[in-house]
Amino acid sequence: MTQTENSSRDRILERIRTGLRTVAPEPAPTNSDRVIFEPIHNSLERFQKECVANLMECALTGDSAGSARQLSTVFQSLPEGEVFVQEDAMLHRLVELAAPARAIRWSSQSAPGEASQATVTLAEALIAQTGSILVTACCGGRGASVIAPCHIVYANITQLVPDLTTALSRLSQQQSFERNSFACVISGSSRTADIEKILVQGAHGPRRLVVILQAGTD
């Protein structure tokens with residue numbers, strides 16, 4: 001059989017052959033000293049600053065009683081409806097002290113419902129450099145941080161680390177990745193400005209992210 005002529009194919013193949021014969025130049029050296037993030041002098045101040053930039057709410061408390069009062073204040077600002085809470089002894093204590101006049105669904109009972117007004121979870125780590133929260137499946141499953149319009153995170157200041165590298169190293173040492181099916185870094189409320197550059201919060205997850213950061217221990 002006679003091969004039919006195909007000039008377009010021949011031109012493409014010739015360009016490929018030419019490219020293969022051409023020696024690619026060595027890439028220009030990169031400046032490894034280039035600063036991407038500002039240096040961190042005070043992790044707490046940096047985290048609070050980044051929280052503001054990320055449209056997050058960060059409440060600093062001194063003890064569990066103060067954390068419970070802050071949790072109660074957030075509960076009172078929410079519409080009526082159920083709240084999903086991660087199954088944890090500390091969160092049981094906080095919810096009991098906050099005494100919310102609403103239904104509580106614990107993660108040991110089921111996954112968060114679509115009608116949940118908020119979820120309350122723990123954090124694995126807080127990242128000062130970017131004002132981010134690192135959570136894993138321990139928080140109550142993948143839906144715990146995305147389903148409800150408000151995500152409330154309770155953490156202790158001992159969980160505050162300067163950067164993501166330190167956070168991942170700490171979790172690796174604690175073997176958290178072996179015990180969980182996923183890990184997630186959250187940097188602020190869900191938002192987008194794709195349409196007409198108008199910022200919309202709650203585009204594909206919580207429109208409100210609240211961090212209750214306890215500085216002291218009981």
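- In the hydrophobic cluster analysis, where Ile, Leu, Val, Met, Phe, Trp and Tyr join through side-chain heavy atoms closer than 4.5 angstrom, M90 is grouped together with I104.
- Legend: side-chain hydrogen bond (donor to acceptor under 3.5 Å, both in side chains) pairs involving residues 39-48, not counting sequence neighbours, sorted by first then second residue: R46-E50.
- Using a 4.5 Å heavy-atom threshold, the side chains of L44 and L160 count as touching.
- By the criterion of side-chain heavy atoms lying less than 4.5 angstrom apart, applied directly or through intervening Ile, Leu, Val, Met, Phe, Trp or Tyr residues, L213 is grouped together with M56 in one hydrophobic cluster.
- With respect to F47, the side chain to side chain contact (heavy atoms under 4.5 Å, CB included) criterion is satisfied by exactly one of L60, I157, L126: L126.
- Closest approach of G140 to P112, counting heavy atoms only: O-CD, 4.4 Å.
- Legend: residues meeting side chain to side chain donor-acceptor pair (under 3.5 Å) with N54, ordered by chain and number and at least two apart, are absent.
- I147 belongs to a hydrophobic cluster whose other members, connected by ILVMFWY side-chain contacts under 4.5 Å either directly or through intermediates, are V146.
- Across all non-hydrogen atoms, the minimal contact from A144 to T119 is O-OG1, 2.7 Å.
- Residues passing the salt bridge (charged side-chain N to carboxylate O under 4.0 Å, His left out) test with R17, sequence neighbours excluded: E14.
- With E82 contributing its side chain and A115 its backbone, the two residues share no donor-acceptor pair below 3.5 Å.
- Between A148 and Q117, the closest heavy-atom pair is CB-C, 3.9 Å.
- Put simply, the side chain of C150 reaches to within 4.5 Å of the side chain of L78, judged on heavy atoms.
- In this structure, CG in L71 is found 10.0 Å from CD in Q76, a value given to the nearest 0.5 Å.
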Decide yes or no on side chain to side chain donor-acceptor pair (under 3.5 Å) for D163 and T166, but give the supporting numbers first. CA-CA 6 Å; D163 50 44; T166 306; 2.6 Å; yes
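- Other residues, nucleotides and ligands place no more than 12 heavy atoms under 6.0 Å from the CD atom of E96.
- Here the closest non-hydrogen pair linking T61 and S67 is OG1-OG, 2.7 Å.
- Two residues are said to be in side-chain contact when any heavy atoms from C-beta on lie closer than 4.5 Å; Q214 and S64 meet this criterion.
- For S8, the side chain to side chain donor-acceptor pair (under 3.5 Å) partners are R11, not counting sequence neighbours.
- The hydrophobic cluster containing Y154 does not contain V135, counting ILVMFWY residues as joined when their side-chain heavy atoms lie under 4.5 angstrom apart, directly or transitively.
- Screening residues 137-150 for side-chain hydrogen bond (donor to acceptor under 3.5 Å, both in side chains) gives no qualifying pairs among residues at least two apart or on separate chains.
- In this structure, CZ on R207 lies 13.5 Å from CG on L55, to the nearest 0.5 angstrom.
- Cluster annotation: V211 is not connected to I127 through the hydrophobic network of ILVMFWY side chains, with a link wherever side-chain heavy atoms come within less than 4.5 Å.
- For R93, the salt bridge (charged side-chain N to carboxylate O under 4.0 Å, His left out) partners at least two apart in sequence or on another chain are D218.
- Residues passing the salt bridge (charged side-chain N to carboxylate O under 4.0 Å, His left out) test with E57 are R208, sequence neighbours excluded.
- Within 6.0 Å of CD on E178 lie more than 12 heavy atoms contributed by other residues, nucleotides or ligands.
- Among pairs with a residue in residues 158-186, none fulfils ring-ring contact (aromatic ring centres under 6.0 Å, His included), at least two apart in sequence or across chains.
- With hydrogens and angles ignored, the 3.5 Å screen pairs no side-chain donor or acceptor of Q173 with any backbone N or O of R170.
- Minimum interatomic distance between R179 and Q174 (heavy atoms only, all atoms of both residues): NH1-O, 2.8 Å.
- Residue-environment remark: CZ (R21) exceeds the threshold of 12 foreign heavy atoms within 6.0 Å.
- Q86 places a side-chain N or O within donor-acceptor distance of the main-chain N or O of L122, the cut-off being under 3.5 Å.
- T73 pairs by the side chain to side chain donor-acceptor pair (under 3.5 Å) definition with nothing, not counting sequence neighbours.
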side-chain contact (heavy atoms from CB on, under 4.5 Å) between H151 and T121, intermediate numbers included: CA-CA 8 Å; H151 182 193; T121 74; 2.9 Å; yes
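- Contact record, I40 with P162: CD1-O, 3.0 Å, taken as the closest heavy-atom pair.
- For T136, the side chain to side chain donor-acceptor pair (under 3.5 Å) partners two or more places apart in sequence, or in a different chain, are E124, N180.
- Contacts classified as ring-ring contact (aromatic ring centres under 6.0 Å, His included) and involving residues 50-95 (residues at least two apart or in different chains) are given here: H92-W106.
- Here the OG atom belonging to S176 is positioned 10.5 Å from the CG atom belonging to L168, to the nearest 0.5 angstrom.
- Checked against V153 for a side chain to side chain contact (heavy atoms under 4.5 Å, CB included), the options L209, V120, I212 give a single hit: L209.
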